[in-house]
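What follows is a set of notes on a single structure, which appears directly below.
All values below come from the heavy atoms of this structure, side chains included, with hydrogens, waters and symmetry mates left out.
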Amino acid sequence: MHTVVVGTSGVTASDVLAVARAGARVELSEEAVAALAASREIVDALAAKPDPVYGVSTGFGALATRHISPDLRGRLQRNIVRSHAAGMGPRVEREVVRALMFLRLKTVCSGHTGVRPEVAQTMADVLNAGITPVVHEYGSLGCSGDLAPLSHCALALMGEGEAEGPDGSVRPAGDLLAEHGIRPVELREKEGLALLNGTDGMLGMLVMALADLDLLYRSADVTAALSLEALLGTDKVLAPELHAIRPHPGQAASAANMLAVLEGSGLTGHHQDDAPRVQDAYSVRCAPQVAGAGRDTLAHARLVAERELASAVDNPVVLPGGTSQAFGSGEGRVESNGNFHGAPVAYVLDFLAIAVADLASITERRTDRLLDKNRSHGLPPFLADDAGVDSGLMIAQYTQAALVGELKRLAVPASADSIPSSAMQEDHVSMGWSAARKLRTAVDGLTRVVAVELYAATRAVELREGLTPAPATRAVLKALREAGVGGPGPDRYLAPDLAAAETFVRDGRLVEAVERVTGPLK
């Protein structure tokens with residue numbers, strides 16, 4: 001099995017996906033172990049001094065003014081985990097929890113948290129054992145970290161709370177640790193706090209959404225091209241020289257993908273009806289502009305994710321010794337900061353939800369055009385075999401429209417909201433966890449919307465008898481039939497198998513079928 005080695009300089013998106021989705025093993029580098037030990041020495045030295053240090057010898061948040069005596073500090077760290085593990089609602093998906101734990105481990109290994117090496121090793125051991133703490137939907141405001149979600153993970157490290165074992169059963173975390181020979185951690189100064197303060201949940205969901213949307217945007221380019229072909233549209237609007245004079249990279253990539261799909265088509269622009277079109281409708285003609293804007297949004301979000309993956313997000317943080325103009329010289333210090341605020345991640349999560357909603361909107365408009373006999377240029381009403389006796393794909397478009405309506409609601413930004421907490425100490429929060437949760441729902445919805453267009457466009461192409469589709473289109477039709485989706489004859493469309501089409505898109509088989517003909521899409 002693939003192994004991901006965690007060092008001091010962060011991790012990559014592919015590392016997150018490997019651990020969260022593929023169950024890759026995790027190891028700590030020698031550099032990370034050394035950094036952990038060094039930062040712990042700084043914390044231990046500060047803990048031995050009489051001066052209060054936030055997170056080490058004080059309470060937390062609005063209670064930070066109380067100095068905690070040495071005999072109570074272990075209890076303090078345990079108590080913050082127990083009190084903060086107050087999430088409610090449905091369980092969060094296993095892949096999200098694994099991403100959350102892995103990204104917290106990434107920050108711990110940076111050497112800026114003061115956590116002992118054995119605590120970090122326990123985190124890796126829990127991941128490697130396939131133990132997944134039960135984390136709930138509600139409990140994070142996206143500031144001071146994803147507090148409740150991370151607390152439920154820390155609780156499992158202590159051998160408390162519930163977790164899912166590798167067999168999928170939910171049991172007491174202590175029992176699962178014991179079965180795998182993992183000793184529960186005994187938290188010391190700062191360690192409980194360090195396990196809770198991070199943007200790890202929202203970042204993990206961002207990384208996974210970016211991977212899913214990378215595939216979905218290529219899929220949407222394919223289905224847009226299929227619809228253009230089925231509507232006897234013109235591919236002249238996809239010419240590279242037209243997109244070069246408005247040099248948005250995403251737009252050029254989408255146009256190039258559509259052009260590649262349509263190469264060799266016998267339908268595009270040559271068989272218009274008795275009312276020739278000077279121009280295709282916006283939903284067809286402007287497909288690269290809309291999808292391209294979304295692609296550029298993805299690029300910006302990917303940049304934010306890369307920066308966050310290289311970050312050490314904690315409060316307070318341990319800084320090594322040295323000399324600075326602001327702080328003078330010393331052997332190392334612990335400083336409070338605001339790096340745990342989730343605004344950078346929350347904004348792009350919301351931005352992506354807006355792009356997803358708009359891509360779904362233009363996709364649905366093309367589907368509706370395919371089904372309307374007044375605008376489809378010779379196709380039967382609702383693509384029905386015997387319109388009136390059967391309704392064709394009428395209600396498939398209803399389903400698609402309902403999904404688009406939901407996606408528009410999900411596009412309302414969570415990050416524009418803020419609810420003060422912790423007795424007004426935490427008086428501005430990012431709501432980034434909420435932005436991430438709704439983006440996951442939006443990505444699922446977009447997958448279904450694209451699947452409906454695929455179903456309708458391929459049905460429409462098949463109805464253009466006597467005309468030869470592009471080689472890539474024929475490859476898609478063949479792959480769909482092999483997957484049991486649609487097919488010749490009216491009966492295959494009387495009960496549309498939209499779930500199978502959704503799986504075909506979600507699993508990447510649509511893009512794979514095209515790329516076997518066109519080569520890699522952009």
Worksheet item: So Q397 and T367, side chain to side chain donor-acceptor pair (under 3.5 Å) or not? Walk me through it.
Response: CA-CA 7 Å; Q397 185 267 332; T367 304; over 6 Å; no
Discussion item. Between K190 and P316, is there a side-chain heavy-atom distance shorter than 4.5 Å?
Written reply: yes
Item to complete: Could you tell me whether R98 and E95 make a salt bridge, using a distance below 4.0 angstrom between a side-chain N and a carboxylate O?
Response: no
Discussion item. Could you check whether any side-chain heavy atom of V43 comes within less than 4.5 Å of a side-chain heavy atom of T113, counting everything from C-beta outward?
Written reply: no
Worksheet item: Where is the tightest heavy-atom contact between G432 and A346, given as atom of each residue plus distance?
Response: CA-CB, 3.5 Å
Worksheet item: Taking atom types as modelled and ignoring hydrogens, do the side chains of E31 and T8 form a donor-acceptor contact shorter than 3.5 angstrom?
Response: yes
Worksheet item: Between R509 and D507, is there a salt bridge with N-O shorter than 4.0 Å?
Response: yes
Practice prompt. List the steps, then state whether salt bridge (Lys or Arg N to Asp or Glu O under 4.0 Å) holds for R116 with E189.
Written response: CA-CA 10 Å; R116 289 168 295 149; E189 290 95 341; over 6 Å; no
Item to complete: Measure across D200 and L150 and return the closest heavy-atom pair with its distance rounded to 0.1 Å.
Response: OD2-CD1, 3.6 Å
Practice prompt. Would you check if V135 and V96 make a side-chain contact, meaning some heavy-atom pair closer than 4.5 Å?
Written response: no
Worksheet item: Counting only heavy atoms not in F351, do more than 12 fall under 6.0 Å of its CZ?
Response: no
Discussion item. Within the 4.5 Å heavy-atom criterion, are P320 and H112 side-chain neighbours or not?
Written reply: yes
Discussion item. For a side chain to side chain contact (heavy atoms under 4.5 Å, CB included) check, start with the C-alpha distance between N315 and L193, then their side-chain angles and the critical distance, and finish with the verdict.
Written reply: CA-CA 8 Å; N315 180 52; L193 187 61; over 6 Å; no
Worksheet item: Are E93 and R21 within salt-bridge range, i.e. N to O under 4.0 Å?
Response: no
Discussion item. Tell me which pairs pass salt bridge (charged side-chain N to carboxylate O under 4.0 Å, His left out) where either residue lies in residues 120-136, with sequence neighbours left out.
Written reply: none
Discussion item. Quick check: do P149 and L100 have side-chain heavy atoms less than 4.5 Å from each other?
Written reply: yes
Discussion item. Any heavy-atom pair between the side chains of M202 and D146 that's under 4.5 Å?
Written reply: yes
Worksheet item: Would K522 and D221 pass as an ion pair if we require N to O under 4.0 Å?
Response: no
Item to complete: For atom CD of E186, decide whether the heavy atoms of other residues, nucleotides or ligands shown that lie under 6.0 angstrom number more than 12.
Response: no
Let me check something: any side-chain donor-acceptor pairs from residues 410-420 under 3.5 Å, sequence neighbours excluded? List them with distances.
{"from": "S415", "atom 1": "OG", "to": "D350", "atom 2": "OD2", "distance (Å)": "2.5"}
{"from": "S418", "atom 1": "OG", "to": "V429", "atom 2": "N", "distance (Å)": "3.0"}

Worksheet item: Given side chains that start at C-beta, do those of R333 and I42 come closer than 4.5 Å, heavy atoms only?
Response: no
Discussion item. R448 and side-chain contact (heavy atoms from CB on, under 4.5 Å): which single residue from V450, L446, D444 fits?
Written reply: D444
Practice prompt. Give, for atom CD of Q400 and atom CZ of R366, the distance between the pair rounded to the nearest 0.5 Å.
Written response: 9.5 Å
Worksheet entry | Student check: side-chain heavy atoms of L359 and L407 closer than 4.5 Å | no
Fill in: Residue among E137, H136, E164 satisfying side chain to side chain donor-acceptor pair (under 3.5 Å) with R91
E164
Discussion item. I'd like to know whether CD of E118 has more than 12 heavy-atom contacts from other residues, nucleotides or ligands below 6.0 angstrom.
Written reply: yes
Discussion item. One pair to check against side chain to side chain contact (heavy atoms under 4.5 Å, CB included): N339 and N197. What are the steps and the verdict?
Written reply: CA-CA 9 Å; N339 284 344; N197 264 288; over 6 Å; no
Fill in: Under the ring pair (Phe, Tyr, Trp, His ring centres under 6.0 Å) test, residues paired with H180 that sit two or more places apart
none
